[in-house]
Amino acid sequence: MAAGEQPGTGSPPQPSTRLFLLVLAVILTDQVLAASAQGMSIGINYGQIADNLPSPTRVSGLLRSMQISKVKLYDADQNVLSAFLDTGVEFVVGIGNENVSAMVDPAAAQAWVQQHVRPYLPSARITCITVGNEVFKGNDTALKANLLPAMQSVYNAVVALGLQGQVNVTTAHSLDIMGSSYPPSAGAFRPDAVPYIQPLLNFLSMAGSPFLINCYPYFAYKADPGSVPLEYVLFQPNAGVTDPNTKLNYDNMLYAQIDSVYAAMQALGHTDVDVKISETGWPSRGDPDEAGATPEYAGIYIGNLLRRIEMKQGTPLRPSSPIDVYVFALFNENLKPGPASERNYGLFYPDGTPVYDVGLRGYLPPMDESKSARKAVSLLALIAIASITLILS
């Protein structure tokens with residue numbers, strides 16, 4: 001013992017102490033990983049129409065490294081849900097348009113919820129089920145007529161399992177459901193859609209579910225780049241547009257679109273349903289006739305949107321209600337049909353490389369997930385042990 005050293009102050013931890021520290025380190029590691037999902041308030045659409053995407057386990061690591069807290073799926077992929085168990089990430093799961101009509105049958109709806117939702121709760125934080133996507137954009141009258149009965153059957157299945165208030169039931173709409181969106185205060189749904197939308201709003205109000213809308217200011221710019229100011233659609237400094245009825249000033253098109261939906265709902269007697277943006281994005285590449293589809297503009301749009309979300313901004317009509325947005329999309333999807341832009345909305349390439357820089361620094365784990373995960377946990381455990389040992393020594 002060195003001169004002046006007090007007995008016991010420099011003694012190495014006993015084996016029992018080392019074991020305790022190891023267990024504590026592993027617990028702290030798990031808590032850190034779970035807490036990482038509570039960071040950014042932005043949501044991400046995780047589409048999978050591609051043949052070159054990383055495994056869901058690796059995607060889970062990527063999103064958690066970015067502290068993304070909300071993910072929206074277009075199905076209820078069990079591999080994805082299983083990869084995110086106990087991560088704290090919220091999930092929106094979906095019933096595709098091809099299965100909507102079948103959900104009218106209460107037994108089918110009950111079976112779907114029992115198979116695709118109930119087994120994953122509470123380890124997977126499924127908070128919403130979307131029944132169909134952009135149903136009123138097409139011409140399938142039977143599908144349109146079946147949408148609300150299907151939503152009601154799914155909701156009743158949720159209630160029967162005691163999940164009401166925990167899992168919402170809704171559907172996502174294309175912005176072309178609007179007959180008028182300018183000025184925002186004159187927003188109105190298409191006349192042919194109103195007979196469907198009115199009872200649907202009544203249902204959303206009763207169930208406490210949000211109205212989901214897919215908004216793409218890019219489409220307006222692409223259709224008329226000579227008349228639509230680029231600064232207005234990219235959240236860049238501009239004089240904005242003043243609504244002549246409300247005198248509210250809009251410095252970007254997305255907020256104007258959101259408030260036009262609120263106005264359309266109010267015209268049908270509803271001010272009690274929240275509007276959430278289930279999709280918005282900007283393509284980084286397109287065909288020659290797709291104006292503005294560049295990495296530069298995509299980065300500006302998403303980057304400025306992220307800044308506003310982190311500022312918890314509301315729209316001019318509802319300034320105290322922060323916008324709730326799911327960005328489209330996580331990856332470029334190489335098998336999507338349509339123009340080139342449809343395959344280039346991703347924030348990332350399939351190898352985990354950012355398509356453009358908006359400050360999101362993610363880490364895509366290597367192919368050998370189990371080995372890398374063990375190494376990561378071991379490293380964190382060693383760091384925690386070293387830190388605690390220094391404190392106690």
Side-chain angles (χ1 to χ4, degrees), residues 97 100 130-151 170-206 209-229 232-233 240-282 291 314-318 321 323-326 328 338:
N97 289 357
V100 167
T130 56
V131 183
N133 183 58
E134 299 187 343
V135 166
F136 299 112
K137 188 174 184 176
N139 298 315
D140 190 334
T141 55
L143 178 60
K144 295 176 184 179
N146 286 331
L147 177 60
L148 180 56
M151 293 171 65
T170 186
T171 188
H173 305 279
S174 166
L175 192 66
D176 68 6
I177 199 173
M178 301 292 291
S180 172
S181 59
Y182 182 82
S185 60
F189 295 114
R190 293 194 328 254
D192 66 292
V194 170
Y196 299 104
I197 296 297
Q198 178 73 75
L200 191 147
L201 286 172
N202 295 341
F203 166 80
L204 295 178
S205 173
M206 177 278 299
S209 295
F211 188 95
L212 302 185
I213 190 81
N214 299 337
C215 290
Y216 289 88
Y218 167 72
F219 291 159
Y221 179 77
K222 171 186 170 181
D224 194 2
S227 300
V228 177
Y232 184 59
V233 292
V241 176
T242 299
D243 188 311
N245 301 317
T246 62
K247 308 305 179 185
L248 296 173
N249 184 264
Y250 292 84
D251 69 352
N252 70 86
M253 182 177 287
L254 182 67
Y255 287 9
Q257 292 175 338
I258 295 171
D259 280 353
S260 73
V261 175
Y262 275 120
M265 293 196 302
Q266 183 174 359
L268 295 183
H270 283 282
T271 57
D272 55 350
V273 177
D274 291 331
V275 175
K276 296 188 177 185
I277 305 303
S278 40
E279 289 183 18
T280 192
W282 194 286
T315 66
L317 185 64
R318 297 199 173 191
S321 299
I323 57 172
D324 195 338
V325 176
Y326 285 81
F328 187 87

*Asks:* Using modelled atom types only, decide if a donor and an acceptor are shared between the side chain of Thr170 and the backbone of Pro210 within a distance under 3.5 Å.
*Replies:*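 Checked: pair present.
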
*Asks:* Using side chain to side chain contact (heavy atoms under 4.5 Å, CB included), reason through Val241 and Tyr182 one step at a time and then give a plain yes or no.
*Replies:* CA-CA 10 Å; Val241 176; Tyr182 182 82; 3.4 Å; yes

*Asks:* Going by the angle between their ring planes, with limits at 30° and 60°, are Trp282 and Tyr221 parallel, tilted or perpendicular?
*Replies:*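 Tilted, since the angle between the ring planes falls between 30° and 60°.
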
*Asks:* As an exercise, state the distance from OG1 of Thr171 to CZ of Phe211, rounded to the nearest 0.5 Å.
*Replies:*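 Taking OG1 in Thr171 and CZ in Phe211, the distance rounds to 9.0 Å.
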
*Asks:* In Å, rounded to the nearest 0.5 Å, how long is the span from CE of Met206 to CG of Asp272?
*Replies:*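 Nearest 0.5 Å value for the CE-CG distance: 12.0 Å.
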
*Asks:* Between Asn97 and Asn133, is there a donor-acceptor pair closer than 3.5 Å when you use the side chain of the first and the backbone of the second?
*Replies:*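 Yes: the side chain of Asn97 pairs with the backbone of Asn133.
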
*Asks:* For the residue pair Asn214 and Ser174, confirm or rule out a side-chain donor-acceptor distance under 3.5 Å.
*Replies:*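 The answer is no; no qualifying pair exists.
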
*Asks:* Just to verify, which of Asp259, Asp243, Thr242, Thr315 counts as forming a side chain to side chain donor-acceptor pair (under 3.5 Å) with Tyr250?
*Replies:*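 Single side chain to side chain donor-acceptor pair (under 3.5 Å) partner of Tyr250 among Asp259, Asp243, Thr242, Thr315: Asp259.
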
*Asks:* First locate atom CD of Gln257, then atom SG of Cys215, and finally report the distance between them rounded to the nearest 0.5 Å.
*Replies:*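 Gln257 CD to Cys215 SG: 4.5 Å, rounded to 0.5 Å.
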
*Asks:* Please determine whether side chain to side chain contact (heavy atoms under 4.5 Å, CB included) holds for the pair Asp176 and Glu134, giving the CA-CA distance in whole Å, both sets of side-chain angles, and the decisive distance to 0.1 Å.
*Replies:* CA-CA 9 Å; Asp176 68 6; Glu134 299 187 343; over 6 Å; no

*Asks:* Residues in side chain to side chain donor-acceptor pair (under 3.5 Å) with Asp224, at least two apart?
*Replies:*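 Ser227.
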
*Asks:* Check whether Lys144 reaches the backbone of Gly138 with its side chain - one donor and one acceptor, N or O, closer than 3.5 Å.
*Replies:*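 Checked: pair present.
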
*Asks:* Looking at Pro244 and Pro183, what are the two nearest heavy atoms and their distance?
*Replies:*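 It is CD-CB, 3.8 Å.
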
*Asks:* Looking at every non-hydrogen atom in both residues, tell me the closest pair between Val100 and Asn146 and how far apart they are.
*Replies:*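 Scanning both residues, the minimum pair turns out to be CG1-O, 4.3 Å.
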
*Asks:* Please determine if Arg190 forms a cation-pi arrangement with Phe136, meaning its NZ or CZ atom is less than 6.0 Å from the six-membered ring centre and no more than 45° off the ring axis.
*Replies:*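 No, Arg190 does not sit over the ring of Phe136.
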
*Asks:* Which pair of heavy atoms, one from Leu212 and one from Ser278, lies closest together, and at what distance?
*Replies:*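 Nearest heavy atoms, Leu212 then Ser278: CB-OG, 3.6 Å.
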
*Asks:* Got a second to check how far Leu200's CG is from Gln198's CD, nearest 0.5 Å?
*Replies:*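 If we round to the nearest 0.5 Å, Leu200:CG and Gln198:CD are 10.0 Å apart.
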
*Asks:* Answer yes or no: is there a side-chain heavy-atom contact under 4.5 Å between Glu279 and Tyr326?
*Replies:*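 The answer is no, as the side chains (C-beta and beyond) never meet within the 4.5 Å cut-off.
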
*Asks:* Show the nearest heavy-atom pair for residues Tyr196 and Thr141, with the distance to one decimal.
*Replies:*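 Closest approach of Tyr196 to Thr141, heavy atoms only: OH-O, 4.4 Å.
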
*Asks:* Considering residues, nucleotides and ligands other than Lys222, do more than 12 of their heavy atoms fall under 6.0 Å from its NZ?
*Replies:*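 Yes, because the 6.0 Å sphere around NZ of Lys222 holds more than 12 heavy atoms from other groups.
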
*Asks:* How long is the span from the CD1 atom in Ile323 to the CG atom in Leu254, to the nearest 0.5 Å?
*Replies:*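 Answer rounded to 0.5 Å: 6.0 Å.
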
*Asks:* Does any part of the side chain of Met265, heavy atoms only, come nearer than 4.5 Å to the side chain of Ile197, both counted from C-beta?
*Replies:*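 Counting from C-beta outward, Ile197 and Met265 never come under 4.5 Å.
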
*Asks:* Which pair of non-hydrogen atoms, one from Pro217 and one from Thr280, has the smallest distance, and what is that distance?
*Replies:*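 Residues Pro217 and Thr280, closest heavy atoms: CD-OG1, 3.9 Å.
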
*Asks:* Taking everything shown except Gln266 itself, do over 12 heavy atoms lie less than 6.0 Å from its CD?
*Replies:*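 Open: at most 12 neighbouring heavy atoms sit under 6.0 Å from CD of Gln266.
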
*Asks:* Could you grab the distance from atom CG of Leu248 to atom CG of Leu317, nearest 0.5 Å is fine?
*Replies:*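 One gets 6.5 Å once the value is rounded to the nearest 0.5 Å.
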
*Asks:* Can you give me the closest heavy-atom contact between Val273 and Arg318, atom names plus distance?
*Replies:*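 So the two residues come closest at O-NH1, 4.5 Å.
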
